[in-house]
Amino acid sequence: MLPEISAEERDSYVFRLYEQLLEMEQRLIPIGLHVFGEVDQSDAAGMLQAIAAFDRPEIGVRSLPGLIAEGLGPREREELEALVREAIELFVADGLVPDHAAEFLARTANVAEQESRKVFALLGRVADGLSRNQEVDALIRALRGEYIEPGPGADIVQNPEILPTGRNTHAVNPYSIPSLGAIRKGEAVVAALLRRSLAERGRYPETIGMVLWGMDNIKTQGEGVAQALLLMGVEPRRDALNRVTDVNVIPLERLGRPRIDLVLTVSGIFRDLFGTSVEVLDKAARRVAALDEPDELNFIRKHVRHEQLAGASFEDSATRVFSNAPGNYGTNVNFMVSDGQWQRAEEIGDLFIKRKCFAFGRGLDGSRSRELMEQALSRVDLTYQNIDSAEVGITDVDHYFEYLGGMTQAVEVRSGRRPDVYLSDTLLAEPRIRSLSEMVRLETRTKTLNPKWYEGMLKHGFSGVAEIEHHVTNTFGWSATTGAVDEWIYDEIAGRYILDSAMLQRLRSINPYATRSLAARLIEANGRGFWAPDAEVMDQLHGVLGGLEDQIEHAGTGANQ
Ligand code: BEZ
Ligand code: MG
């Protein structure tokens, strides 16, 4: 029998369900793989809609949902988005001529034509850029030693100027980050992260373990760096050459909350590209640690003083930036997990620390500092990473679980409890904070279990099946490092790909090797205690695995030919 709930509880439940369905429906997902030299127009209107959702003050363009909301007054999000969608479809159907679309928005939503025409001008440039692909031509010109014009590297929604592709991608001036836009967005993300954590734990997290990557900070002009500085309650200071080389402390009255302590795990790529940001982050931690402020409003000072009382030096106890040894990259946690080279989960966190315990900043140049890192991780309440792209999510590549997962596992052993794990989503006009479990569910539903996603992959044949298998292994990576994967996810994956005989037949005829790995991974998930299906399901999985092994063995000896 269903539990008795009040009408309000029911309404609130239905509303949250509705919001979640809407979120999944509207989420941009990559369909299939990029084919070098080919144009992908599978969801051009969806892409334009995502791009139109942002204010872009740098080019004087407002967001379409914002303009419509202003014209109509408060409205349901769904209604605003339906109008945006209709206007964009009109614009596309008219061959990128804005007249009807602008008239439509003026008539139905009181949007001034001069404002909407600016948005359509941007969308027209994007649509034009999407329809051209000069990658093959540019490659051939490059091989001939000819000049290839440069273009920025970024996510298309964040910065549509990346189009057309096939240019010589450049990064950013490391002294310029974080940009003003990154700081503006960082403020909203940090506020949302702290609000969420406060709501769930009833107090601010004292220490956040944060991952910073190089590519991401290129793509977003330093959103991750901006967030780290803001968490500590400082803002970047620019010198006479407009270079960010120092910080200003935000006074507590303006900050309105405690300064949060951090442990920053930066990738090898970040360390190499953003040496100047490493110095600034390190300087910020030391500056904040030395402020004369009460412990309850300055967690960095609180922790540093605590360690000093126990005999540590100020310099050691204020070390907050860790990366690989110079010349080294990655945590290797991904290889340990996918190769099954571990018995106890602690081994994963140990490997993470072994690889990432090199301290940077104040001229340290990566000296091995294992004890300092372990001490810092033992205080972490919450681990966190920023997600900035619709193209690469937490189950698309093994790097999210190797970093955020690896750090989380290392914290769990050293602090004695599993930290809360959050990811932000700065792809949306209003940044969202999600727990890791919520993000795994969202990725699973919109990608791994979504027919639109896997049929898109299967069109690519052999590589497509391998991609499906990678998603399953990356999901498994979250179980191994954090335990954040619900069992129903494995039930559904098994049901969709292995226990459905028509699908199994398709997969094994296209790529029996990846199909074998997928079945073996599910069996491993059971063996490691991440999933406990009925014995009958396990029998079926073992039967399928045996059949695939025979198939592959016979193909190998030529018996099938
Ligand atoms: C980075 O951009 O820093 C990065 C890229 C891939 C894996 C890990 C880090
Ligand atoms: Mg890989």
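Please read these numbers as outputs of a predicted model, since none were measured by experiment. Counting begins at 1 with the first residue of the sequence. Atoms within each ligand, like the ligands themselves, are counted from 1 in listed order.
Under the 30°/60° scheme for interplanar angles, the aromatic rings of Tyr400 and Trp213 are found to be tilted.
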Starting from the C-alpha separation in whole Å, work towards a yes-or-no answer on side-chain hydrogen bond (donor to acceptor under 3.5 Å, both in side chains) for Ser338 and Arg521.
-> CA-CA 9 Å; Ser338 55; Arg521 192 65 73 193; 5.1 Å; no

Check the pair Thr395 / Asn474 against side-chain hydrogen bond (donor to acceptor under 3.5 Å, both in side chains), numbers first and verdict last.
-> CA-CA 5 Å; Thr395 58; Asn474 295 335; over 6 Å; no

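Between the Gln341 side chain and the Met336 main chain, no donor and acceptor come within less than 3.5 Å of each other.
At the shortest separation from atom 7 (C) of ligand 1 among protein heavy atoms lies His399 CG, 3.4 Å. Taking atom 3 (O) of ligand 1 as the reference point, the nearest protein heavy-atom neighbour is Ser267 OG, 2.5 Å. At the top of the distance list for atom 5 (C) of ligand 1, counting protein heavy atoms only, stands Ile269 CD1, 3.9 Å.
Within ligand 1, counting atoms from 1 as listed, the ones closer than 4.0 Å to a heavy atom of Gly214 are 1 (C), 2 (O), 3 (O).
One finds no salt bridge joining Asp388 and Lys185 here, because no Lys/Arg side-chain nitrogen approaches an Asp/Glu carboxylate oxygen to under 4.0 Å.
Between Tyr403 and ligand 1, no N or O atom pair is found at a separation short of 3.5 Å. Below 3.5 Å of separation, one finds an N or O of Met215 facing an N or O of ligand 1.
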